[in-house]
2 protein chains.
Amino acid sequence: MVEPTPIICTVDVTLLTLQDDMLHVLLLKRDREPFAGALALPGGYVHAEADQSAEDAAARVLKEKAGIVSPYLEQLATFSGPGRDPRGWSLSVAYCALLPAELLAVDGAERQLRPVARLPALPFDHARIVDAAVQRVRSKSQYSSLPVYLCGEAFTLPRLQAVYEAVLGEPVNKVSFRRKMDELGMLEAIPGAQTSGGAHRPAQLYRLRREFRHALSMLDRGINV
Amino acid sequence: MVEPTPIICTVDVTLLTLQDDMLHVLLLKRDREPFAGALALPGGYVHAEADQSAEDAAARVLKEKAGIVSPYLEQLATFSGPGRDPRGWSLSVAYCALLPAELLAVDGAERQLRPVARLPALPFDHARIVDAAVQRVRSKSQYSSLPVYLCGEAFTLPRLQAVYEAVLGEPVNKVSFRRKMDELGMLEAIPGAQTSGGAHRPAQLYRLRREFRHALSMLDRGINV
DNA sequence: CAAATAGTGTCTCTAAGACAATATCGT
DNA sequence: ACGATATTGTCTTAGAGACACTATTTG
């Protein structure tokens with residue numbers, strides 16, 4: 001058998017963040033064909049010369065096209081077929097990244113955050129990719145600490161709870177939430193650091209324990225690939 | 001920017017089955033380079049001309065190389081990099097299939113079932129792929145009905161429980177198991193059908209309800225992509 | 001009826017949610 | 001002291017597991 005027809009190999013990254021307590025996705029204005037000028041997910045070719053893996057390519061694309069280095073980058077799924085890209089039979093490895101909104105610079109035209117609940121029409125099969133990302137994040141948030149990636153370095157428990165609620169789209173029980181966070185043992189109170197300003201009791205600030213900074217706890221469900 | 005260097009696009013399928021109450025994986029003797037003669041996962045190029053998607057390619061490979069049409073075929077993850085295939089920078093979309101052992105014809109030399117707990121050395125990164133498949137199946141079995149794909153058409157509850165225990169590698173509570181199966185409402189007793197032969201009470205035979213034949217219940221955890 | 005496995009009833013234990021009391025701020 | 005939000009204590013409830021009992025077959 002001979003080498004088959006080359007296949008277009010790309011990566012696409014769904015970068016999710018929280019704005020106004022709603023999940024938003026980063027969209028970039030495409031600067032070349034196909035779909036030049038349209039808003040789309042950051043994406044690009046896998047470069048055999050530059051990349052050591054598809055994940056490397058995703059990180060590179062995110063850095064080059066959006067100037068972002070995300071601490072969380074997870075492979076979602078791979079989408080493929082003859083019809084998803086007008087250039088021909090293509091295959092795209094989709095990734096999902098999470099970032100606190102504070103670390104995200106968006107300028108009006110080129111980079112935009114759009115709420116995932118009201119997306120514009122997207123080129124390729126990017127709508128399906130965003131759907132898969134949101135579903136994955138929701139699902140993992142039910143049993144893992146994934147939403148901490150949407151908070152900054154320091155956060156209060158009420159704030160973290162609000163983030164969980166925003167991601168899950170439903171209220172969570174306060175007592176159970178705190179019990180769970182306590183059991184997980186991933187957070188530590190920042191000594192002496194508390195919120196201030198409101199006309200009410202200040203809240204304790206927490207941060208991820210060092211051991212968990214770069215290793216998200218999945219409760220050993222073995223879901224992550 | 002010009003089109004980048006072509007990338008080798010393949011699929012690999014981890015077909016798991018149960019033999020002697022242990023998970024086994026199907027390995028084929030490779031008939032061409034690289035690694036001709038070695039045992040490896042069924043795999044092959046994605047054909048832009050023939051396949052409508054990578055999943056199609058996986059189904060085709062399984063059919064052509066092993067003569068199998070699996071009712072369950074799930075995308076696992078995509079593995080890529082310059083070093084995993086001696087032919088060059090390659091990308092493989094890995095799939096996981098499940099099949100009852102009765103439907104699997106293995107001849108001594110060309111096709112073999114090997115226990116996942118004692119795998120021979122495998123070419124490429126096939127060992128990692130099998131690991132990912134086993135992990136995924138174990139994980140999903142904790143909250144879904146996935147193991148029914150390892151049983152045949154009809155099965156008893158004690159048998160199904162044994163399958164769960166084999167997959168999970170730990171005993172499961174009989175009462176809870178039956179309660180759960182009952183709640184799920186996916187099984188139905190086959191009227192009048194019972195096991196026979198043993199010197200003991202016969203067991204009721206069950207089958208998947210029609211609604212669930214081709215739609216595995218994931219308990220709405222939204223894990224599947 | 002004895003042995004063996006199938007199927008069920010029920011108690012206990014654990015985890016999650018509801019509810020409400022207490023704590024600590026700014027005004 | 002009052003309003004507001006944070007934090008904690010405890011009761012209730014739902015689900016999972018332990019255990020033991022009943023049921024049905026063959027020899």
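Below, read A as the first sequence line, B as the second, and so on, with proteins coming before strands; counting in each chain starts at 1. Note that the coordinates shown come from a computational prediction; the quantities given were computed from them, not determined experimentally.
Side-chain contact, B:Thr78 with A:Thr78: a donor N or O sits under 3.5 Å from an acceptor N or O.
For the atom pair CG (A:Leu73) and CG (A:Leu98), the distance works out to 9.5 Å, reported to the nearest 0.5 Å. We find the CD-NE2 distance between A:Gln19 and A:His24 to be 4.5 Å, quoted to the nearest 0.5 Å. Taking CZ from A:Arg60 and NZ from A:Lys65, the interatomic distance works out to 8.5 Å, rounded to the nearest 0.5 Å.
One atom, CG of A:Asp182, and another, C1' of D:dT7, lie 12 Å apart when rounded to the nearest Å. Residue A:Phe177 contributes atom CZ, which lies 18 Å from atom P of D:dG9 at whole-angstrom precision. For the pair A:Tyr164 OH and C:dA16 P, the computed distance is 13 Å after rounding to whole Å. For the pair A:Glu183 CD and C:dG17 C1', the interatomic distance rounds to 14 Å; values are reported in whole Å. In this structure, CG of B:Leu184 is placed 14 Å from C1' of D:dA16, rounded to the nearest angstrom.
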Pairwise N/O distances under 3.5 Å, protein to nucleotides 2-9 of chain C:
unit_1	atom_1	unit_2	atom_2	d
C:dA6	N3	B:Arg201	NH1	3.2
C:dG7	OP1	B:Gln204	N	2.8
C:dG7	OP2	B:Arg178	NH2	2.8
C:dG7	N7	B:Lys174	NZ	3.2
C:dG7	O6	B:Lys174	NZ	3.1

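Between A:Tyr72 and A:Tyr149, the two ring planes are tilted [angle within 30° to 60°].
Across the interface with DNA chain C, nearest-nucleotide mapping of A:Ser196 and A:Asn173 shows A:Asn173 to be the residue nearer the 5′ end. Residues A:Gly198 and A:Ser176 each lie close to DNA chain C; by heavy-atom proximity, the contact nearer the 5' end of the strand is made by A:Ser176.
Contact of the A:Leu15 side chain with the A:Cys96 side chain is not registered, since no non-hydrogen atoms from C-beta on lie closer than 4.5 Å.
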